[in-house]
Chemist: 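For reference, the structure I am asking about is given below.
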Amino acid sequence: MSDSTAFFIKKFRENTDTPEEPGQWYRPRPYRNAVVRFRDCSIYDFEERRDILINEAGLNAFLFRADKIPGCDLLSDSGTPTMTMDQWAAMMLGDEAYGSNEGYFELRSQFAETFGAGWCEKDNTSGGSSESLFLFHQGRAAENAFFSILARQLAAAGGGSSAPPSDGLMPELKSRIESKLNSNGHADDLPLWIIPSNSHFDTTQGNIEDKRMIPLNLPCREHLENDELYPFRGNMDVEELDNLLEHEKDRVPLVYLTITNNTGGGQPVSISNIREIRNVARKHGVPFFFDACRFAENAWFIKKREDEFWDSSIRQIVHEMFRYADGFHISLKKDGLVNMGGALVIRRDGDFSKKFPHFKEGITDHQIMAEGHPTYGGLPGRDLKAIAEGLRTVVRDEYLDARIGQVVRFGTQLYEAGIPVIRPVGGHAVYIDLDRFFDGTAGDDEFKGISITALLLIAGHRVCELGLYAFGSFDGEKEIPPEPRVNCVRAAVPRLAYEDQDLFSVVEAMKVLADNRDRIPAVNVEYGRDLRLRHFKSRFSFSG
Ligand code: F0G
């Protein structure tokens with residue numbers, strides 16, 4: 001080897017070395033485009049978009065036609081990935097048998113491979129339902145089934161008490177539970193069941209409330225601090241959890257953890273926090289579940305930010321995370337890298353299975369009535385193949401470097417353009433802090449997040465309000481803001497779909513709004529203010 005080429009190799013290597021955070025530098029993506037989709041609308045169609053927005057969509061981003069969005073559609077990172085050629089190829093081999101198709105067995109092995117041995121093992125010895133893996137067409141269908149059966153089995157067991165929350169609870173925690181009881185219209189004679197989490201996603205919250213249970217968010221204190229210094233702002237407050245279980249464990253059927261914490265800014269949860277929660281839950285005899293939609297992205301943050309794991313592979317970290325859970329449900333539309341799919345997985349010998357020995361039977365019955373059968377969960381066999389392949393891809397280090405690097409660069413550009421984003425930036429989305437965005441401007445309309453999403457649609461891009469409108473409620477007279485307060489607009493980045501240039505054009509449009517924030521109009525709610533899950537359904541008009 002000549003000295004001169006060795007010299008250049010050394011230089012090239014230095015040039016591509018990974019800095020601490022991936023926000024500032026460029027490396028080629030570890031893939032290239034294999035198929036592209038041309039738009040048949042143009043960024044210049046501003047008036048047409050305004051027309052559709054006002055007259056068809058009622059200023060609701062969910063109701064705006066996607067084919068009229070020429071820029072980035074950042075409404076959700078869910079079900080929006082570009083699938084890989086390996087996934088498309090796998091789909092061609094899909095087995096569309098009516099029961100127990102080949103894809104199911106491949107997927108079951110892949111779950112054990114991805115999440116660790118011990119998951120999805122079949123048990124032919126115990127009688128009753130032997131399955132651990134229950135497929136659903138998406139995450140919320142799994143949640144709905146889970147909480148329906150849980151509520152039914154709790155009612156059948158005859159436990160639970162309607163007594164008010166214990167006086168031993170920390171005062172702030174007690175008052176949060178009481179205000180939830182009031183806002184849910186919880187009848188006095190109903191048994192009180194509480195499901196704690198770092199933060200429940202809105203569908204999870206909706207499914208829990210639908211079964212007359214109380215979803216309780218216990219985010220860590222740093223959750224509210226907007227500071228680069230907190231690497232794991234998705235964590236749960238373990239002291240509050242311990243206090244809750246100390247006094248109310250009989251009314252807590254299980255503890256939840258959402259990884260990453262979507263509602264809390266897409267922030268990761270540390271292994272130390274997972275271990276602490278496991279210990280506290282076990283001390284009080286309460287099972288522990290994950291809402292695992294973005295498990296691989298969470299693992300990437302653990303690798304980068306928790307010393308113990310700097311040298312571990314993502315797969316090893318995922319195994320370590322899942323070692324502590326008794327079960328999980330997952331929307332495979334995120335880190336499954338597919339357009340549709342979900343699952344519920346219950347550890348065969350876990351605390352949950354021991355506490356609810358007839359649960360799997362109940363889920364199987366539910367699935368036969370609602371989704372087909374646990375072995376396909378309303379999905380074509382070919383989709384199971386795509387999920388298995390997606391689960392192989394998503395734990396590749398170079399994929400996650402590129403994926404999260406892109407989201408962080410997007411957030412960094414917004415921040416450098418003077419737009420207040422939640423920092424550190426999370427794994428799948430950038431959250432713009434509306435309280436700081438509008439700080440010091442005239443007018444205090446609560447729903448300026450809706451105005452921002454509407455104006456950005458006219459600019460040609462779609463984001464989502466996840467704040468006072470999405471998470472608050474209206475009691476007929478006044479607004480009840482979310483507790484703890486969340487007031488953001490979220491720009492969720494679809495996986496493998498956009499290039500930096502696309503995202504940077506969103507930054508430029510956002511900067512126009514930020515530079516003219518005094519002129520952003522408020523909105524009137526024309527329909528749906530008092531409805532549940534109202535942000536999906538409401539209609540608005542500009543008030544000025
Ligand atoms: N849990 C979390 C943490 C989620 O983010 C979602 C969906 C679900 C459950 C429900 O899964 O959509 O397959 O039914 N989140 C999407 C989002 C919709 O945009 O954040 P699903």
Side-chain angles (χ1 to χ4, degrees), residues 60-62 64 66 72-81 134-148 195-210 215 217 219 223 234 236 256-269 289-298 321 325 327-345 370-371 377-379 383 386-387 390-391 407 422 426-431 449 453 462-467 469-471 486 488-495 497 533 535-537:
N60 185 329
F62 287 95
F64 192 93
C72 290
D73 191 350
L74 309 182
L75 184 64
S76 180
D77 64 316
S78 178
T80 52
F134 301 87
L135 294 176
F136 289 86
H137 73 273
Q138 68 181 92
R140 66 198 70 189
E143 294 167 8
N144 185 276
F146 184 75
F147 289 109
S148 303
I195 315 279
S197 170
N198 50 347
S199 290
H200 290 290
F201 183 65
D202 58 9
T203 57
T204 325
Q205 174 175 328
N207 273 305
I208 294 171
E209 286 172 347
D210 193 56
N217 292 347
H223 165 78
M236 184 189 267
Y256 250 84
L257 192 68
T258 309
I259 50 174
T260 57
N261 186 347
N262 185 5
T263 309
Q267 299 290 327
V269 178
F289 262 56
F290 290 150
D291 176 344
C293 298
R294 299 174 180 89
F295 70 94
E297 291 172 4
N298 199 90
M321 288 159 61
F328 62 96
H329 57 67
I330 181 165
S331 163
L332 294 157
K333 298 167 72 173
K334 285 83 167 170
D335 277 352
L337 297 183
V338 289
N339 305 122
M340 199 49 76
L344 168 69
V345 195
E371 295 269 331
L379 294 164
D383 281 19
I387 297 168
L391 289 174
V407 177
I422 293 187
H428 70 288
V430 179
Y431 291 67
T453 55
R462 176 155 64 173
V463 295
C464 181
E465 193 265 3
L466 284 183
Y469 201 77
F471 298 126
V486 191
C488 293
V489 160
R490 184 188 74 169
V493 183
R495 294 165 181 81
L533 301 169
H535 63 299
F536 295 108
K537 304 179 274 195

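Note that ligands are numbered from 1 as they come in the structure, with each ligand's atoms numbered from 1 the same way.
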Chemist: Are the aromatic rings of Phe146 and Phe289 close, with centres under 6.0 Å apart?
Modeler: yes
Chemist: Please report which non-hydrogen protein atom sits nearest to atom 10 (C) of ligand 1, along with the residue it belongs to and the distance in Å to one decimal place.
Modeler: Thr203 OG1, 3.6 Å
Chemist: Can any side-chain N or O of Asn198 pair as donor or acceptor with the backbone N or O of Thr258 at less than 3.5 Å?
Modeler: yes
Chemist: Do Ser76 side-chain atoms and Ser78 backbone N/O form a donor-acceptor pair below 3.5 Å?
Modeler: yes
Chemist: Hey, which atoms in ligand 1 end up nearer than 4.0 Å to a heavy atom of Gly139?
Modeler: 11 (O), 13 (O), 14 (O), 21 (P)
Chemist: Could you check which of Gln138, Arg490, Met340 puts a non-hydrogen atom nearest to atom 21 (P) of ligand 1?
Modeler: Gln138
Chemist: Of all the atoms in ligand 1, which lie at a distance below 4.0 Å from a heavy atom belonging to Ser331?
Modeler: 11 (O), 13 (O), 21 (P)
Chemist: Are Glu143 and Thr204 linked by a side-chain donor-acceptor pair shorter than 3.5 Å?
Modeler: yes
Chemist: Of all the atoms in ligand 1, which lie at a distance below 4.0 Å from a heavy atom belonging to Cys293?
Modeler: 1 (N), 2 (C), 3 (C), 4 (C), 9 (C)
Chemist: At a 4.0 Å threshold, what atoms of ligand 1 neighbour a non-hydrogen atom of Lys333?
Modeler: 13 (O)
Chemist: Contact between Leu257 and Asp291 at the side-chain level, heavy atoms closer than 4.5 Å - yes or no?
Modeler: no
Chemist: Are the aromatic rings of Tyr256 and His329 close, with centres under 6.0 Å apart?
Modeler: yes
Chemist: Using heavy-atom distances only, which candidate in Asn262, Thr258, Thr80, Asp291 approaches atom 1 (N) of ligand 1 most closely?
Modeler: Asp291
Chemist: With a 4.0 Å cut-off, would you call Asp335 and Arg495 a salt bridge?
Modeler: yes
Chemist: Ligand 1 versus Gln205, non-hydrogen atoms closer than 4.0 Å: side chain, backbone, both, neither?
Modeler: neither
Chemist: Nearest heavy atom to atom 7 (C) of ligand 1: which of Lys334, His428, Glu143 does it belong to?
Modeler: Lys334
Chemist: What protein heavy atom lies closest to atom 8 (C) of ligand 1? Include the residue and the distance to one decimal.
Modeler: Phe201 CD2, 3.5 Å
Chemist: Do Arg294 side-chain atoms and His428 backbone N/O form a donor-acceptor pair below 3.5 Å?
Modeler: no
Chemist: Give me the residue, atom name and distance of the protein heavy atom closest to atom 14 (O) of ligand 1.
Modeler: Arg140 NE, 2.6 Å
